[in-house]
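To start, I am sharing the structure in question, which I have written as structure tokens.
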Number of protein chains: 2
Amino acid sequence: MTEAALPVIRVLIVEDEPLAAEAHAAYVGRLAGFELAGTAGTGQEAFRRVAAAASAGTPIDLVLMDMNLPDSHGLDVSRRIRSAGLATDIIAITAVRDVDNVRGAIAAGVVQYLIKPFTYSTFATKLSSYRDFRAELNGQASNVTQSAVDHAFASLRAPTDIPMPKGLAESTLNPVVRYLQAQGAPVSASELMEPLGLSRVTARRYLEYLADTGLVLRAPRYGAPGRPENEYSWKSGR
Amino acid sequence: MTEAALPVIRVLIVEDEPLAAEAHAAYVGRLAGFELAGTAGTGQEAFRRVAAAASAGTPIDLVLMDMNLPDSHGLDVSRRIRSAGLATDIIAITAVRDVDNVRGAIAAGVVQYLIKPFTYSTFATKLSSYRDFRAELNGQASNVTQSAVDHAFASLRAPTDIPMPKGLAESTLNPVVRYLQAQGAPVSASELMEPLGLSRVTARRYLEYLADTGLVLRAPRYGAPGRPENEYSWKSGR
DNA sequence: TGAGCTCGTGAACAATATGACCGCAACCGT
DNA sequence: ACGGTTGCGGTCATATTGTTCACGAGCTCA
């Protein structure tokens, strides 16, 4: 085991809502190997803190950066930190979750991307994998190999461990979700079975599951003879 | 499969040694889904090309950035591209391989890190996983979920060389790979056991390993009663 | 040669899609 | 209004496959 003297990771929380900031701080406090270095409520302040800490010789290792800040966007702050050449890693925390933001965040050198609201367990997973990533690189000699680099990258990868209810498979749920998202219009179970190659029972089971978890909207479709058919539509903004 | 309509990824090669640049260009040409957008020999030129392409409406999607450039360091160029807010992803290519450079590269938003010299196979793996990452995000609606983000991260930083787990032998893996490559069509574990003389459990274990390394695609096969059978198909372009 | 390790196999158990069946809830004809 | 028709909703047993486990054959090393 290469345990022992791993340096503590100093964390700065950037979050304008005091309540959320406090919650995140509490989360950080519960995690071994991390230390709260402070809190900032604006982009300006965040940048100042990071820069000041660096020149004071006690650099911030990690910033938990909310994307929506009163004075600027988190991505802008990240870019500014990058331009200054500060050696700080950034985990993006945001309630906004459109694809462009994710792309932008990765381009800005964000190591993880957390969507609010999240549980402690999700939070812990992300930060732990970041800690592993650091340990991996710290454990290397000054010269690294391709496979060492690959491993370091890989430990930044999220395990994505969402438990599914018995009887449902993620590999089936995913196509269903994608189809619903792609299709703007409401979809019935029978309409789902053909393009996905599923039986009606299975299609209905997954749609029902999505409806129960609140991800899709369920409504009866009247007008035709026979018992009304349920149609399911993806809730945009979810 | 939902192949086809993925947009081509436009690649700019930044490399001062003409020989290396040519080699990389040839590599890009061999990969499906990528298109050479040009070559730059200096950091200045690289930045100009990226900026010009963006304002011309034909943006560079990906830069293969050598770190050692005559006029500046690749990381500086990367940071400059970031500061300009250009939506370009960067793969670092370098012969220098100290830990700090790796850290800096990740902080600068580099999506992959390639150490020279590399084989075509290594190169292809990195670019393919980048392509998968793009496809993953493109396939999403404008709003994504945490698990979608996690998956995208995962495919981007997928470990490329998972050490062969205990219980698997090279001498068994090779025939499996050959059979998959020869067979154009997807193959299930049961279909593999007969021609190779393996038990179902063993066949499945090897297929599963290949799926984990990202060399083969795994998809459930619906339509028949019973638990769905997984079918595995060799990823072309690897 | 024998202890230990490696890798494949068969069997038992868990998971998950399917087909069939029955009942329900809205249209439709009188 | 009212019973008949229609077609989907919901449940269950069934069919297969995925997964795990312990065991055994073959190889390595001392």
Could you run down the sub-3.5 Å N/O contacts of the protein with nucleotides 25-28 of chain C?
{"unit_1": "dC27(C)", "atom_1": "OP1", "unit_2": "Gly223(A)", "atom_2": "N", "d": "3.2"}

Sequence neighbours left out, what passes ring-ring contact (aromatic ring centres under 6.0 Å, His included) with Tyr179(A)? Give chain and number order.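 If we apply the ring-ring contact (aromatic ring centres under 6.0 Å, His included) test to Tyr179(A), skipping adjacent residues, there are no hits.
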Which residues pass the salt bridge (charged side-chain N to carboxylate O under 4.0 Å, His left out) test with Arg134(A), not counting sequence neighbours?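 Applying salt bridge (charged side-chain N to carboxylate O under 4.0 Å, His left out) to Arg134(A) gives Asp61(A).
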Among residues at least two apart in sequence or on other chains, which ones pass salt bridge (charged side-chain N to carboxylate O under 4.0 Å, His left out) with Glu136(A)?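 Applying salt bridge (charged side-chain N to carboxylate O under 4.0 Å, His left out) to Glu136(A) gives none.
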Of all nucleotides in DNA chain D that come within under 4.0 Å of a heavy atom of chain A, which is furthest toward the 5' end and which toward the 3' end?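 Under 4.0 Å from chain A, the extent on DNA chain D is dT6(D) to dT11(D).
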Does any pair with a residue in residues 186-203 of chain A pass side chain to side chain donor-acceptor pair (under 3.5 Å), and if so which ones, sequence neighbours excluded?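 As it turns out, the side chain to side chain donor-acceptor pair (under 3.5 Å) pairs with a partner in residues 186-203 of chain A, which skip direct neighbours, are Ser188(A)-Glu229(A), Ser190(A)-Glu229(A), Glu191(A)-Arg221(A), Ser199(A)-Thr202(A).
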Is the shortest side-chain heavy-atom distance between Leu207(A) and Leu192(A) below 4.5 Å?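 Counting from C-beta outward, Leu207(A) and Leu192(A) do come under 4.5 Å.
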Are there any protein N/O atoms within less than 3.5 Å of an N/O atom in nucleotides 3-10 of chain C, and if so, which ones and at what distance?
{"unit_1": "dT6(C)", "atom_1": "OP1", "unit_2": "Lys166(B)", "atom_2": "NZ", "d": "3.4"}
{"unit_1": "dC7(C)", "atom_1": "OP1", "unit_2": "Leu168(B)", "atom_2": "O", "d": "3.3"}
{"unit_1": "dC7(C)", "atom_1": "OP2", "unit_2": "Gly167(B)", "atom_2": "N", "d": "2.9"}
{"unit_1": "dG8(C)", "atom_1": "OP1", "unit_2": "Thr172(B)", "atom_2": "OG1", "d": "2.3"}
{"unit_1": "dG8(C)", "atom_1": "OP1", "unit_2": "Tyr206(B)", "atom_2": "OH", "d": "2.9"}
{"unit_1": "dG8(C)", "atom_1": "OP2", "unit_2": "Gly167(B)", "atom_2": "O", "d": "2.8"}
{"unit_1": "dG8(C)", "atom_1": "OP2", "unit_2": "Tyr206(B)", "atom_2": "OH", "d": "2.7"}
{"unit_1": "dT9(C)", "atom_1": "OP2", "unit_2": "Ser199(B)", "atom_2": "N", "d": "2.9"}
{"unit_1": "dT9(C)", "atom_1": "OP2", "unit_2": "Ser199(B)", "atom_2": "OG", "d": "3.0"}
{"unit_1": "dT9(C)", "atom_1": "OP2", "unit_2": "Thr202(B)", "atom_2": "OG1", "d": "2.7"}

Quick test of your reading: applying ring pair (Phe, Tyr, Trp, His ring centres under 6.0 Å), list the pairs with at least one residue in residues 198-228 of chain A, sequence neighbours left out, ordered by first then second residue.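 Non-adjacent pairs meeting ring pair (Phe, Tyr, Trp, His ring centres under 6.0 Å): zero.
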Can you sort out the partners of Arg204(A) under salt bridge (charged side-chain N to carboxylate O under 4.0 Å, His left out), two or more places apart, ordered by chain and number?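 In terms of salt bridge (charged side-chain N to carboxylate O under 4.0 Å, His left out), with neighbours along the sequence ignored, Arg204(A) is linked to Glu208(A).
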Val8(A): partners by side-chain contact (heavy atoms from CB on, under 4.5 Å), with sequence neighbours left out: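 Partners of Val8(A) under the side-chain contact (heavy atoms from CB on, under 4.5 Å) test: Glu35(A).
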Toward the 5' end of DNA chain D, which comes first, Ala189(A) or Arg204(B), by nearest nucleotide?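 Here Ala189(A) is the residue nearer the 5' end.
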With ring pair (Phe, Tyr, Trp, His ring centres under 6.0 Å) as the rule and sequence neighbours excluded, what pairs involving residues 100-123 of chain A come up?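 Output for this query lists His24(A)-Phe118(A), Tyr27(A)-Tyr120(A), Tyr27(A)-Phe123(A), Phe118(A)-Phe123(A).
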Who passes side-chain contact (heavy atoms from CB on, under 4.5 Å) against Glu17(A), sequence neighbours left out?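 Partners of Glu17(A) under the side-chain contact (heavy atoms from CB on, under 4.5 Å) test: Glu15(A), Ala20(A).
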